[in-house]
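So that the names make sense, note that chain A is the first sequence line, chain B the second, and so on, each numbered from 1.
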Amino acid sequence: MSEFIKGSALPQSFYHTPTLDLAEALIGKVLVHLTDNGILAGEIVETEAYLGIRDRAAHSFNNRRTKRTEIMYGAPGHIYMYQMHTHHLLNIVSGEEENPEAILIRAIEPVAGRALMEENRPVQKAINLTNGPGKLTKALGITMAYYGASLMKSNVFISNGGSENPAVQTGPRIGIPNTKEAKDYPYRFWLQDNPYVSR
DNA sequence: TCCGGGATTGTCT
DNA sequence: GACAATCCCGGAC
């Protein structure tokens, strides 16, 4: 297993990839958060792509450029955080500049710092620690403070070290019932048979 | 300024 | 399966 140090962050070039390809390529990579208390890391096992102005389910649908979505219009490889009810969700900005696309990280499998995660988010069943988009940000201690941060320069980043040649499955996205045709797009990707996949 | 809604989760039936 | 918690965002006025 590789050490999850800052220098292991995947380079900018990794993110210069069509969003659907990138959403699939992220399966099996490792999401890392370096903190003063230690390293928290988990293998990405579920993602969803949001394809910008033509995707009714995306926040940037119809080119809706606001303070919230502004980071989506920037260069890929940055963090788009936003609040959903009582939770904070982590997205990776994708698409070239002025092409506001993003990828939601929906689930991870812990690989380092599990004890720290359980301090951040106590659970009865181990499986519930990181098997959902709101759960994993809480467990990893990733907050709105990371909105706009670079995955090449901040303490949150993506590295190798997870499954190699993962078996990836695809299907419709979760939790977007009111988006007409977009709710059926097969823009969700997950690691086959992994127990941390949200559903 | 007001008001409706949401890329979720936990709890209860 | 239903629903509340809870709060920021975005559009309407």
Would A/His87 count as stacked on B/dT8 if the rule is ring centres under 5.5 Å and plane angle under 30°? no
May I have the distance from A/Lys67 (atom NZ) to C/dG11 (atom C1'), rounded to whole angstrom? 17 Å
Any side-chain N or O of A/Thr66 less than 4.0 Å from the OP1 or OP2 oxygen of C/dG10? yes
When you measure from the side chain of A/Thr69, which nucleotide among C/dA5, C/dG10, B/dA7 comes out closest? C/dG10
Give one of base, sugar-phosphate or nothing for A/Leu104, where a contact means two heavy atoms less than 4.0 Å apart. base
Could you tell me how far apart A/Leu136 (CG) and B/dA7 (P) are, to the nearest whole angstrom? 17 Å
Criterion side chain to side chain donor-acceptor pair (under 3.5 Å) against A/Arg173, the qualifying member of A/Thr47, A/Asp184, A/Asp55: A/Asp55
Identify whether A/Leu136 and A/Leu34 are in the same connected component of the hydrophobic contact network (ILVMFWY, side-chain heavy atoms under 4.5 Å). no
Atom-to-atom span, CD1 of A/Ile71 to P of B/dA7 - whole angstrom: 20 Å
Rounded interatomic separation in angstrom, taking CG from A/Asn62 and P from C/dG11: 10 Å
With a 4.0 Å cutoff (strictly under), does any side-chain N or O of A/Lys138 reach OP1 or OP2 of B/dT8? no
Rounding to an integer number of Å, can you tell me how far A/Ile174 CD1 sits from B/dT9 P? 11 Å
More than 12 heavy atoms of other groups within 6.0 Å of A/Glu164 CD: no
Taking atom P of B/dT9 as reference, at what distance in whole Å does atom NE2 of A/His88 sit? 13 Å
Among C/dC7, C/dT6, B/dA7, the nucleotide that comes nearest once only the side chain of A/Tyr80 is considered: B/dA7
Looking at A/His59, I'd like to know whether one of its side-chain N or O atoms comes within less than 4.0 Å of OP1 or OP2 on B/dA7. yes
Nearest to the side chain of A/Arg68 - C/dG10, B/dG10, B/dA7? C/dG10
Hey, does the side chain of A/Arg106 come within less than 4.0 Å of B/dT8's phosphate (OP1/OP2), counting only N and O? yes
Could you tell me whether a side-chain N or O of A/Thr130 sits under 3.5 Å from a main-chain N or O of A/Ile108, the two making a donor and an acceptor? yes
Residue matched to C/dT6 through Watson-Crick or wobble contacts both under 3.5 angstrom: none
Measuring only between side-chain heavy atoms, which start at C-beta, is A/Met81 closer than 4.5 Å to A/Leu90? yes
Touch check for A/Glu48, heavy atoms < 4.0 angstrom, all strands: base, sugar-phosphate only, or nothing? nothing
Side-chain atoms of A/Lys135 come closest, of C/dG10, B/dG10, B/dT8, to B/dG10
From CD of A/Glu46 over to P of B/dA7, roughly how many Å is that when rounded to an integer? 15 Å
Establish, with yes or no, whether the OP1 or OP2 oxygen of C/dG11 is under 4.0 angstrom from a side-chain nitrogen or oxygen of A/Arg64. yes
Working to the nearest 0.5 angstrom, can you tell me the gap between A/Glu109 CD and A/Ile44 CD1? 12.5 Å
Taking 4.0 Å as the cut-off, does a side-chain nitrogen or oxygen of A/Asn178 come that near to OP1 or OP2 on B/dG6? yes
Sort out the partner of B/dA7 for me: Watson-Crick or G-U wobble, both distances under 3.5 Å, none otherwise. none
Ignoring backbone atoms, establish whether A/Arg56 has a side-chain N or O less than 4.0 Å from OP1 or OP2 of B/dA7. no
Euclidean distance, atom CE of residue A/Met84 to atom C1' of C/dG10 [Å, nearest integer]: 13 Å
Between B/dA7 and A/Tyr82, is there a base-stacking contact, meaning the centre of the base's six-membered ring lies under 5.5 Å from the residue's ring centre while the planes stay under 30° apart? no
